[in-house]
Chemist: 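This is the structure I want to talk about, given as structure tokens.
What you see is a predicted model; the values in this text were computed from it and never measured. Order of listing sets the numbers, starting from 1, for every ligand and every atom in it.
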Amino acid sequence: MPRIDERLQAVTGLAARFQSAVLPHFINGRPAPGVSGATFESLSPIDNSPIGSVDAGSAADIDLACQAAANAFDEWKAMAGGERRRILRKIADAIEANAKEIALIESWDCGQPLKFMSKAAIRGAENFRFFADRAPSARDGLSLPAEQHVNFTQRQPIGPIAVITPWNTPFMLSTWKIAPALAAGCTVVHKPAEWSPYTAMLLAEIAHDAGLPPGVLNCVQGLGGQAGRMLTEHPAIKAVAFIGESLTGRRIIKQGADTLKRVHLELGGKNPVIVFADADLERALDAVVFMIFSLNGERCTSSSRLLIEKSIERRFIDRLIERVSRLKVGNPLDPDTEIGPLIHPEHHEKVCGFFKYAIEDGADIVAGGSPIEGPGNYVQPTVIAGASNRMRIARQEIFGPVLTVIPFAGEDEALRIANETEYGLAGYIWSSDAGRAHRMAQGLDVGMVWVNSENNRHLPSPFGGMKASGIGRDGGDYSFEFYMETKNICVAFDRHRIPRMGAGS
Ligand code: NAD
């Protein structure tokens with residue numbers, strides 16, 4: 001395993017590339033410098049030093065990218081599914097071949113520990129391979145025979161798609177949207193988050209070098225309220241696949257209203273993990289710690305509210321504190337680091353603000369609870385006990401390594417607390433009583449429930465949330481439902497009577 005300084009050297013090599021030129025857009029198969037010349041600066045959360053300048057997409061850039069996607073659509077849509085599969089598999093292979101570089105850049109740009117980003121890059125390749133293999137059957141529909149007709153459905157790609165992604169695990173998340181869109185036969189304009197612009201460019205380059213025709217995948221850099229907004233308003237774009245905050249999701253629906261955009265929204269969460277006294281508490285402890293402290297807690301499916309049965313509250317919290325105090329916070333490029341710096345000084349300030357809220361609202365910080373001094377956006381992994389579901393730490397998405405612990409007595413109370421939130425993304429249940437686990441799973445108002453498990457992904461299964469956590473599902477055929485239109489074709493057997501208007505009596 002190379003040591004951290006070798007990793008830093010590798011990053012220094014990459015730094016030279018990014019610092020020597022402004023990061024451009026990628027339009028119609030090649031890098032495209034911004035038309036307006038406006039740029040913004042990208043910082044590394046490791047020490048908030050500048051990584052480089054990035055083109056800030058203007059109306060002219062967005063228009064060029066959307067036109068490129070519109071022009072490439074007919075040919076890509078008409079390509080045989082088997083051929084699309086071949087190209088997408090080549091992209092998957094190329095991602096795998098470049099996984100080390102992708103992980104390094106992602107860690108450096110986002111502050112996520114390299115140990116998690118290495119896996120995320122490989123998962124990006126898996127996303128491409130999974131949807132590549134489904135490209136030939138994406139159009140398949142149903143046969144719906146009637147007495148005098150046969151009806152059958154088939155699907156066709158909806159058109160150019162805007163994919164707008166956030167800064168947490170940006171590479172993997174973008175492949176989760178882009179791979180099924182391309183497999184369905186859609187073309188894409190991707191806008192990554194302004195706080196994590198780099199790996200989107202790598203993906204566009206990798207895909208192009210692997211044989212994706214020009215214009216099929218375009219990437220525009222820029223600020224959400226400008227480039228993002230213009231993209232969601234552009235008439236050439238037929239649907240918006242969005243991952244980000246619930247507030248931005250609401251804006252996107254409004255922005256897309258005039259052009260009647262189809263929208264798919266994967267939004268925030270305040271996910272409960274409910275631990276009953278009869279659970280396998282060792283495994284539950286592992287999962288609780290993993291699901292809030294991995295990926296710096298900057299994870300939509302993080303189990304940010306621990307609902308713990310009162311009879312085991314003290315014992316479980318003591319074990320939790322022990323584990324949390326041993327978590328290794330540090331440079332994300334260090335292979336041993338478990339928690340890296342938060343993405344940006346603004347986000348760091350937001351997360352640290354919740355320590356103050358916890359105290360003001362009467363909760364008890366039992367582990368961590370402070371920023372870590374020095375350069376970079378580091379924060380202590382934190383456990384806040386004695387909380388009630390009314391407190392701000394229990395209601396608002398913190399999106400950092402901060403766990404809020406709320407005690408409960410009995411199933412009914414656990415369910416009430418779990419559902420008493422505007423969000424509805426995921427829920428985790430820990431119990432050895434199968435009946436109770438089923439009852440709780442039925443009762444939770446969330447899109448995904450895991451029983452006696454951490455968030456374990458299965459690509460054909462639906463992924464998405466209810467309530468303020470989103471609209472729509474990804475995964476397997478659910479993704480194609482979004483990226484494709486269903487067409488019904490009705491053919492007569494030529495025997496039924498057609499009303500003869502104007503033919504006399
Ligand atoms: P964000 O909503 O601030 O930004 C996401 C993207 O939207 C960025 O690319 C941004 O530039 C763009 N954007 C911002 N305003 C826009 C506008 N008006 N029009 C168009 N685009 C606009 O979110 P974030 O802070 O980057 O990401 C964190 C959020 O993402 C959290 O709430 C998290 O829960 C959520 N998230 C959800 C999932 C999920 O699967 N449900 C997965 C990952 C992250």
Chemist: Measure the distance from atom 40 (O) of ligand 1 to every protein heavy atom, then report the residue, atom name and distance (to 0.1 Å) of the closest one.
Modeler: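 Checked against all protein heavy atoms, atom 40 (O) of ligand 1 sits closest to Glu266 OE1, 2.6 Å.
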Chemist: Note the single closest protein heavy atom to atom 17 (C) of ligand 1, along with its residue, its atom name and the distance in Å.
Modeler: Gly224 O, 3.4 Å
Chemist: Out of Ile343, Leu295, Leu267, whose heavy atom sits nearest atom 37 (C) of ligand 1?
Modeler: Leu267
Chemist: Between Trp176 and Phe171, does the ring centroid distance fall short of 6.0 Å?
Modeler: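 No, ring centres 6.0 Å or more apart.
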Chemist: Establish, for the pair Arg473 and Tyr478, whether the NZ or CZ atom is under 6.0 angstrom from the six-membered ring centre and no further than 45 degrees off its axis.
Modeler: no
Chemist: Provide the number and element of each atom of ligand 1 under 4.0 Å from a heavy atom of Cys300.
Modeler: 34 (O), 36 (N), 37 (C), 38 (C), 39 (C), 40 (O), 41 (N), 42 (C), 43 (C), 44 (C)
Chemist: For ligand 1, which atoms, with element, lie under 4.0 Å from some heavy atom of Leu173?
Modeler: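 Counting from 1, the qualifying ligand atoms are 43 (C).
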Chemist: Is there a polar contact, in the sense of an N or O pair closer than 3.5 Å, between Ser469 and ligand 1?
Modeler: no
Chemist: Starting from atom 32 (O) of ligand 1, find the nearest protein heavy-atom neighbour and note its residue, name and distance.
Modeler: Glu397 OE1, 2.6 Å
Chemist: Below 4.0 angstrom, N of the basic side chain to O of the carboxylate: do Asp361 and Arg390 qualify?
Modeler: no
Chemist: Which residue and atom name correspond to the protein heavy atom nearest atom 7 (O) of ligand 1, and how close is it?
Modeler: Phe242 CE1, 3.2 Å
Chemist: Is there at least one pair of N or O atoms, one from Phe463 and one from ligand 1, spaced under 3.5 Å apart?
Modeler: no
Chemist: Give the residue, atom name and distance (to 0.1 Å) of the protein heavy atom nearest atom 10 (C) of ligand 1.
Modeler: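 Checking every protein heavy atom, the shortest distance to atom 10 (C) of ligand 1 gives Glu194 OE1, 3.5 Å.
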Chemist: Establish, yes or no, whether the cationic atom of Arg129 lies under 6.0 Å from the six-membered ring centre of Phe131 and within 45° of the ring axis.
Modeler: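 Judged by the rule, Arg129 and Phe131 form no cation-pi pair.
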Chemist: So, regarding Asn168 and ligand 1 (criterion: nitrogen or oxygen to nitrogen or oxygen, under 3.5 Å), is there a contact or not?
Modeler: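 No; the residue has no nitrogen or oxygen that sits under 3.5 Å from a nitrogen or oxygen of the ligand.
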Chemist: Just to confirm my output: which protein heavy-atom neighbour is closest to atom 27 (O) of ligand 1, and how far is it?
Modeler: Pro166 CB, 3.1 Å
Chemist: Pick one of side chain, backbone, both or neither for how Leu425 approaches ligand 1, counting any non-hydrogen atom pair under 4.0 Å.
Modeler: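 Only the side chain of Leu425 comes within reach of ligand 1.
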Chemist: Taking Val240's backbone N and O only, do any of them form a donor-acceptor pair with Arg262's side chain (distance below 3.5 Å, no angle check)?
Modeler: no
Chemist: So is there a nitrogen or oxygen of Lys191 less than 3.5 Å from a nitrogen or oxygen in ligand 1?
Modeler: yes
Chemist: When you look for heavy atoms under 4.0 Å from ligand 1, do you find them on the side chain of Glu298, its backbone, both, or neither?
Modeler: neither
Chemist: Hey, is ligand 1 close enough to Arg251 that some N/O pair sits below 3.5 Å?
Modeler: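 In this structure, Arg251 places no N or O atom under 3.5 Å from an N or O of ligand 1.
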Chemist: So which bit of Pro192 gets within less than 4.0 Å of ligand 1, heavy atoms only: side chain, backbone, both or neither?
Modeler: backbone
Chemist: Quick test: of every protein heavy atom, which one is nearest to atom 35 (C) of ligand 1, and how far off is it to 0.1 Å?
Modeler: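 Atom 35 (C) of ligand 1 sits closest to the protein heavy atom Gly244 O, 3.2 Å.
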Chemist: Would you compute the distance between atom CZ of Phe116 and atom CG of Asn296 and round it to the nearest 0.5 angstrom?
Modeler: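 These two atoms lie 8.5 Å from each other.
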Chemist: Would atom 13 (N) of ligand 1 count as contacted, meaning some protein heavy atom under 4.0 Å?
Modeler: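 Yes, there is a protein heavy atom closer to it than 4.0 Å.
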Chemist: Among all protein heavy atoms, pick out the one at the shortest distance from atom 19 (N) of ligand 1; state its residue, atom name and that distance to 0.1 Å.
Modeler: Gln255 NE2, 3.0 Å
Chemist: Sequence neighbours excluded and cut-off under 3.5 Å, please list the side-chain donor-acceptor pairs for residues 221-235, or say none.
Modeler:
| residue | atom | partner | partner atom | Å |
| --- | --- | --- | --- | --- |
| Gln221 | NE2 | Pro197 | O | 3.1 |
| Arg229 | NE | Gly225 | O | 3.0 |
| Arg229 | NH1 | Glu233 | OE1 | 3.1 |
| Thr232 | OG1 | Arg229 | O | 2.7 |
| Thr232 | OG1 | Gln255 | NE2 | 2.7 |
| His234 | ND1 | Ala236 | N | 3.0 |
| His234 | NE2 | Asp63 | OD1 | 2.6 |

Chemist: Hey, does Thr248 come in under 3.5 Å of ligand 1, counting only N/O atoms on both sides?
Modeler: yes
